[in-house]
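Since the structure comes first, as structure tokens, the remarks are kept for the end.
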Amino acid sequence: MAQKPSIPKGTRDFLPLEMGRRNYIFNTIKKIFQLYGYLPIETPAMENLSTLTGKYGEEGDRLLFKILNSGDYLKKTNDFDFKEGNSNKLTSLISEKGLRYDLTVPFARFVVQHRNDIVFPFKRYQIQPVWRADKPQKGRYREFFQCDVDAIGTTSLLNELELIQIMDDVFDTLKINVEIKINNRKILSGIAEIIGFPDKIIDITIAIDKLDKIGLENVNAELLSKGISEKAIEQLQPVLNLSGTNSDKILKLKKMFSDFNSETGLKGVNEIETIFEYLENIKIKSDVTLDLTLARGLDYYTGAIFEVKAKDAKIGSICGGGRYDNLTGIFGLKDVSGVGISFGADRIYDVLEQLNAFPDYAVSSTKIMFVNFGDKEEKYCIPLLAKIRKAGINAEIYPEQAKMKKQMNYANKKNVPYVVLVGENEMKQNILSVKNMDNGEQKSISVEELIDMVK
RNA sequence: GUGGAUGUAGCUCAGUUGGUUAGAGCACCGGAUUGUGGUUCCGGGGGUCGAGGGUUCGAGUCCCUUCUUCCACCCCA
């Protein structure tokens, strides 16, 4: 019985047209990464679960795709495990591998494992799919591509600057208007410290991250429900209402942190200030704004955090990242700081589609097609084809001796600009009848002339 | 994980208060036209009406379950 073909929820097939467009995105990103001296690496689709779990917070663990052990995957379990109903424990017994959730954690693992084979500071880029067991919706897929750039083994803020330049370059080249938001985890820590709830930093950041979405009142309500005192929330208000230019904000924050003697907060502000100082000397097309409500959920960020939003399209962030001081520590390599960002290729695709901003790039497909008239003609055409291909021109011969109409139709649908007809007459005279599919004109020329014409 | 909408031909969709053999456009295949495509005309193939169960003389249509896709929340690229 024929079954209806389908693919898993949240995954997609890509047609040739879509692949052309996707490659346009990947190629521009890749080119810019290389321009800044980053080198490519790849890591496997699956990692040991021990590498992945606990790195993305509770929510992240839930979204990990786990792979069932091969063979009799139940052999390590017993009746008690099932009766107990502890699915976390059960999972560890039947699954030891999972699909990667992002490219940053596998990269940290990679750095530790290959520390003797790479040169520090190590600048790498990586363009590969990642998987999340999320519920799919607009701009959210279960399999999607991330394009990561990270510099690891250096605390220099020049890296942060470079990443901003890369973001600006990429979106300028792709012609997407964006706002680059920047913040610093140390500032957020400083604030949590000042208001007396340093342990609640995660709850606080998640709440204020929602400010532009749910409004000030709801944020305050959420903070209260997370056990933050009213007095502390009161203290937080000037921060939430912080406005003005980037330098205004920096000045106000500086004052606040020195008044309250918060070393961490001050350090964060200084970092931000340095980055903005760097930016003064170069041209950046995108808006770069200091946004204190930018929190980002990932637990491992310790310094700068970035997020990019498209101004003219309604979709989540299309790029994000930050600095992590101790990601390699979990794998046994201490004191290696890194910073990186990740471009969401699939969302960028959606934005470009919404904006109708894909260029009319030349699809690199067949330029010349030979019509197939019969056995004798086939044999005559084969060396001609070889010659054309040798000259670097994409060419093909219709593989069957089908009706003219069918062959012409094929060429037409594939947008082949030139069709070559070689029958008895042409063979006798040693010429080709070449039809221009745009205007329908046809002329008799030699192979050499054809090559010159198409080249 | 929570809530809402959705599903009819390969695609986009009609289908009356439940009533004969479920339709259209596009796409596909063939012919008009055996060495000339994109236009036109004529013809043709294609459906477990998402799946399973129920109500009914009778279900694409009503009810239940389940799955898919989309949207919102959570979270995120």
Side-chain angles (χ1 to χ4, degrees), chain A residues 1-12 15 25 29 56-64 87 100-104 127-148 167 202 205-207 209-210 213-214 218 222 294-299 306-310 314-322 340-351 369-374 377 398 401-427 433-442:
Chain A
M1 193 167 77
Q3 59 167 1
K4 213 173 187 174
S6 65
I7 53 175
K9 193 200 273 218
T11 64
R12 296 148 302 154
L15 293 163
I25 296 171
I29 289 177
Y56 308 107
E58 216 176 298
E59 180 77 7
D61 283 354
R62 197 169 61 85
L63 298 179
L64 281 174
S87 48
R100 62 165 169 256
Y101 176 94
D102 71 357
L103 300 178
T104 308
I127 298 177
Q128 288 191 276
V130 303
W131 294 268
R132 294 181 191 177
D134 216 340
K135 216 166 177 177
Q137 53 177 285
K138 191 193 204 75
R140 177 175 300 190
Y141 309 96
R142 286 187 147 182
E143 178 184 58
F144 60 98
F145 274 73
Q146 289 193 330
C147 313
D148 271 38
M167 292 188 262
I202 301 274
T205 53
I206 286 177
D209 188 44
K210 296 176 187 162
K213 205 168 186 178
I214 62 175
N218 292 320
E222 180 161 334
L294 168 60
R296 295 192 58 80
L298 289 181
D299 288 351
F306 305 104
E307 187 168 282
V308 179
K309 285 212 158 152
K314 228 187 113 191
I315 200 161
S317 62
I318 52 179
C319 179
I341 50 172
S342 180
F343 291 81
D346 304 79
R347 284 189 179 177
I348 292 172
Y349 184 102
D350 292 344
V351 170
M369 189 196 90
F370 280 67
V371 168
N372 189 331
F373 280 107
E377 288 87 347
Y398 195 85
Q401 294 161 25
K403 285 188 180 145
M404 253 305 224
K405 182 180 168 122
K406 196 168 182 180
Q407 302 194 34
M408 293 300 282
N409 210 272
Y410 171 84
N412 191 50
K413 280 187 187 147
K414 248 183 124 170
N415 273 319
V416 179
Y418 298 101
V419 170
V420 176
L421 300 101
V422 180
E424 263 182 64
N425 292 337
E426 285 86 353
M427 289 198 293
S433 290
V434 177
K435 175 161 181 162
N436 179 324
M437 294 296 278
D438 271 339
N439 54 25
E441 277 169 25
Q442 196 165 316

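In what follows, chains carry the letters A, B, and so on, assigned in the order in which the sequence lines appear, proteins first and then strands, with residues in each chain numbered from 1.
- An aromatic stacking contact links A:Phe144 with the base of B:rA77, defined here by ring centres under 5.5 Å apart and ring planes under 30° from parallel.
- Here the OH atom belonging to A:Tyr349 is positioned 7.5 Å from the CD1 atom belonging to A:Ile25, to the nearest 0.5 angstrom.
- For the pair A:Ile214 and A:Val308, nearest-nucleotide mapping onto RNA chain B gives the more 5' position to A:Ile214.
- Side-chain proximity of A:Lys9 to the nucleotides B:rG1, B:rG37, B:rU68 is greatest for B:rU68.
- Nucleic acid contact class of A:Asp350 (heavy atoms, under 4.0 Å, all strands): none.
- When the nucleotides B:rU36, B:rC75, B:rC71 are ranked by their closest atom to the side chain of A:Lys138, B:rC71 comes out on top.
- Between A:Met408 and A:Gly316, the residue whose closest nucleotide on RNA chain B is further toward the 5' end is A:Met408.
- When heavy atoms are screened at a 4.0 angstrom cut-off, A:Gly440 is found touching base atoms of the nucleic acid.
- Listed nucleotides: B:rG38, B:rA77, B:rC70. Nearest to the side chain of A:Arg140: B:rA77.
- Listed nucleotides: B:rA77, B:rG35, B:rC75. Nearest to the side chain of A:Glu59: B:rC75.
- Comparing the same atom, P, in B:rC71 and in B:rU36 gives a spacing of 49 Å after rounding to whole Å.
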Exercise. Going through the checks in order, is the side chain to side chain contact (heavy atoms under 4.5 Å, CB included) test met by A:Gln137 and A:Lys135?
Worked result: CA-CA 7 Å; A:Gln137 53 177 285; A:Lys135 216 166 177 177; 5.6 Å; no

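- B:rA14 and B:rC76 are spaced 38 Å apart, taking the P atom of each and rounding to whole Å.
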Could you write out each protein N or O paired with an N or O of nucleotides 29-31 of chain B at a distance under 3.5 Å?
unit_1, atom_1, unit_2, atom_2, d
B:rG31, OP1, A:Lys403, NZ, 2.3
B:rG31, OP2, A:Lys403, NZ, 3.2

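- Residues forming a side-chain hydrogen bond (donor to acceptor under 3.5 Å, both in side chains) with A:Arg142 (at least two apart in sequence, or on another chain): none.
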